[in-house]
2 protein chains.
Amino acid sequence: MALEHAILVSLTERAGSGYELAHRFDRSIGFFWPATHQQIYRVLRRMDEAGWVTHTEVAQEGRPDKKVYQVSATGRDELARWLAEPVDPAVLRDGLAVKIRGASLGDTAAVLREVVRHRGEHAALLEVYHGIRRRDFPKPAKLSGRELHQYLVLRGGIRAEESFLAWCDEVIEAMRSEQS
Amino acid sequence: MALEHAILVSLTERAGSGYELAHRFDRSIGFFWPATHQQIYRVLRRMDEAGWVTHTEVAQEGRPDKKVYQVSATGRDELARWLAEPVDPAVLRDGLAVKIRGASLGDTAAVLREVVRHRGEHAALLEVYHGIRRRDFPKPAKLSGRELHQYLVLRGGIRAEESFLAWCDEVIEAMRSEQS
DNA sequence: AGCCCCATGTAAGACGTTACATGATTGT
DNA sequence: ACAATCATGTAACGTCTTACATGGGGCT
């Protein structure tokens, strides 16, 4: 329902091919709206048929040709329409929480090791976010418009990862002192 | 992939019908692993065929008969096996973040109103979590085993909502001072 | 009279995942 | 020689969502 709109936002920032979009999704907008390249190709074609985007075939040397997509006037209208509409609150699907809840029905120590592993992954992602922040937004107080909005979304990612990390620490501590 | 295991955890805590499970998902485990009643009925049947659960038909007066499901020995083994296996990190799908990122391509004020609305929803859910905490875990320091694990998962929910709320506040403040 | 609750289910369609296919180019 | 990158796509399958169906009981 909203992958279309995530693509419209990304394509408005910069035109690009499905392949490029898939990579942007892997390292920015996809942190909040994950999508694989197959989804993106399929949705792009649908959007093209609906007239929300247009494409230009670009021949390349030594590389396969590509289709560079651009948002059309209809697409901009559709995006504006969607932006004014309510969205469902964020959905979280967390297998680790299910495991922690069921920990005593299996190997509690293994679940604890899994929490430690997740802690590492969240710490790594937090570092990625901090890196983007330093590189792209060195002076946050001066931002406005699109840059401010991109920064605010990044702040959401940073907050979410910090909160995950702190939760993992709380779980690790509580489960460790329980076992000893 | 893990709805089965979330159901196994919930059914181990207490046997119940598909209908009852659907309600439990609406107010506890479903905060971390959402599922509708149709999904639950379908998966329960599959689990029954696989021998992970067994069911007993219970005739009722003035109400439709129900099938009360129980976890079998095979189901307990499967749960233990799954608990020792790695899980993917939590997936977040947040339409609000997409909207904030694209805010300047439409009615920025409408997006801001939407952030305010989400702030309210997160505050309400946080209150629900706090209520559960007070009712079910009045003395967290003394918990161990299954109760401790349930409490820790609830703490994750509280932390996630607190972090969302703080993010909404940050976004609201930044977007308001930008507009004026 | 109309609606909600209990309880289970069918059916259709949208959406997402995984594997595979192509084929030149660049790097190890 | 092998793998990765660029670039797009097909095919099969699995999951999820949405709407609808049934039918008694209780509430307003």
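Just so we're on the same page: letters track the sequence lines, and every chain starts at 1.
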Q: Whole Å only: how far is the CD1 atom of A:I7 from the C1' atom of C:dG16?
A: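 Rounded to the whole Å, the gap is 14 Å.
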
Q: Using atom CG of B:D88 as one end and atom P of C:dT17 as the other, report the distance to the nearest whole Å.
A: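 Result: 10 Å.
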
Q: Can you tell me the distance, in whole Å, between the CD atom of A:E57 and the P atom of D:dT8?
A: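 So the CD-P distance, A:E57 to D:dT8, works out to 9 Å.
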
Q: Of the candidate nucleotides D:dC6, C:dG9, D:dT17, which contains the atom at the shortest distance from the side chain of A:P64?
A: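 In terms of side-chain proximity for A:P64, the closest of D:dC6, C:dG9, D:dT17 is D:dC6.
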
Q: Kindly say if B:Y19 contacts the phosphate of C:dT8, meaning a side-chain N or O under 4.0 Å from OP1 or OP2.
A: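 Indeed not, no polar side-chain atom of B:Y19 lies that close.
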
Q: Whole angstrom is fine here: how far is it from CD in B:E61 over to P in D:dG23?
A: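 From B:E61 CD to D:dG23 P: 20 Å.
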
Q: OP1, OP2 of C:dT17 versus side-chain N and O of A:Q39: anything below 4.0 Å?
A: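 True: A:Q39 side-chain N/O within range (under 4.0 Å) of C:dT17 OP1/OP2.
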
Q: Would you call A:R176 and A:E173 a salt bridge, using N to O less than 4.0 angstrom?
A: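 Judged by the 4.0 Å cut-off on N to carboxylate O distance, A:R176 and A:E173 do not form a salt bridge.
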
Q: Just how far, in rounded Å, is P of C:dG27 from CZ of A:R63?
A: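 Spelled out: CZ on A:R63 to P on C:dG27 is 10 Å.
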
Q: Rounded off to whole Å, could you give me the CD-to-P distance for the B:E4 and D:dT15 pair?
A: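 These atoms are roughly 7 Å apart.
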
Q: Does B:L105 form a side-chain contact (heavy atoms from CB on, under 4.5 Å) with A:W82? I'd like the steps, not just the answer.
A: CA-CA 11 Å; B:L105 309 170; A:W82 176 76; over 6 Å; no

Q: Give a yes/no answer on whether the side chain of A:S17 brings an N or O atom under 4.0 Å of OP1 or OP2 in D:dT8.
A: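 It does, given that an N or O in the side chain of A:S17 lies less than 4.0 Å from OP1 or OP2 of D:dT8.
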
Q: For B:R46 and D:dT15, is the shortest distance between a side-chain N/O and OP1 or OP2 below 4.0 Å?
A: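 It does, given that an N or O in the side chain of B:R46 lies less than 4.0 Å from OP1 or OP2 of D:dT15.
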
Q: A:H37 NE2 to C:dT18 P: how many Å, rounded?
A: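 My rounded result for the distance is 12 Å.
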
Q: For a side chain to side chain donor-acceptor pair (under 3.5 Å) check, start with the C-alpha distance between B:S10 and B:E13, then their side-chain angles and the critical distance, and finish with the verdict.
A: CA-CA 5 Å; B:S10 192; B:E13 290 174 1; 5.0 Å; no

Q: Contact class for A:Q60 vs. all strands (heavy atom < 4.0 Å): base, sugar-phosphate, or nothing?
A: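 Touches sugar-phosphate only.
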
Q: Return whichever of A:Q38 or B:V68 has its heavy-atom-nearest nucleotide of DNA chain C closer to the 5' end.
A: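 First, find each residue's nearest nucleotide; the 5'-ward one identifies B:V68.
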
Q: Considering just the side-chain nitrogens and oxygens of B:Y41, establish if one lies under 4.0 Å of OP1 or OP2 belonging to C:dT8.
A: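 Result: yes.
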
Q: Has the side chain of B:E49 got a donor or acceptor atom that lies under 3.5 Å from a matching backbone atom of B:R46?
A: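 Checking the backbone N and O of B:R46 against the side chain of B:E49, no donor-acceptor pair under 3.5 Å is found.
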
Q: Is the phosphate of C:dG16 approached by B:R93 (side-chain N or O, under 4.0 Å from OP1 or OP2)?
A: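 So the side-chain polar atoms of B:R93 do come within 4.0 Å of the phosphate oxygens OP1 or OP2 of C:dG16, strictly under.
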
Q: Using heavy-atom distances to pick each residue's nearest nucleotide on DNA chain C, tell me which of B:G18 and B:R42 is more 5'.
A: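 This one resolves to B:G18.
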
Q: For B:E178, is there an ion pair with A:R146 - N to carboxylate O distance below 4.0 angstrom?
A: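 No, A:R146 and B:E178 are not salt-bridged.
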
Q: Between P on D:dA7 and NE2 on A:H23, what's the gap in Å once rounded to a whole number?
A: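 Atom-to-atom, A:H23 to D:dA7, this comes out as 9 Å.
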
Q: For D:dT10, does either OP1 or OP2 sit under 4.0 Å from a side-chain N or O belonging to A:R45?
A: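 Result: yes.
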
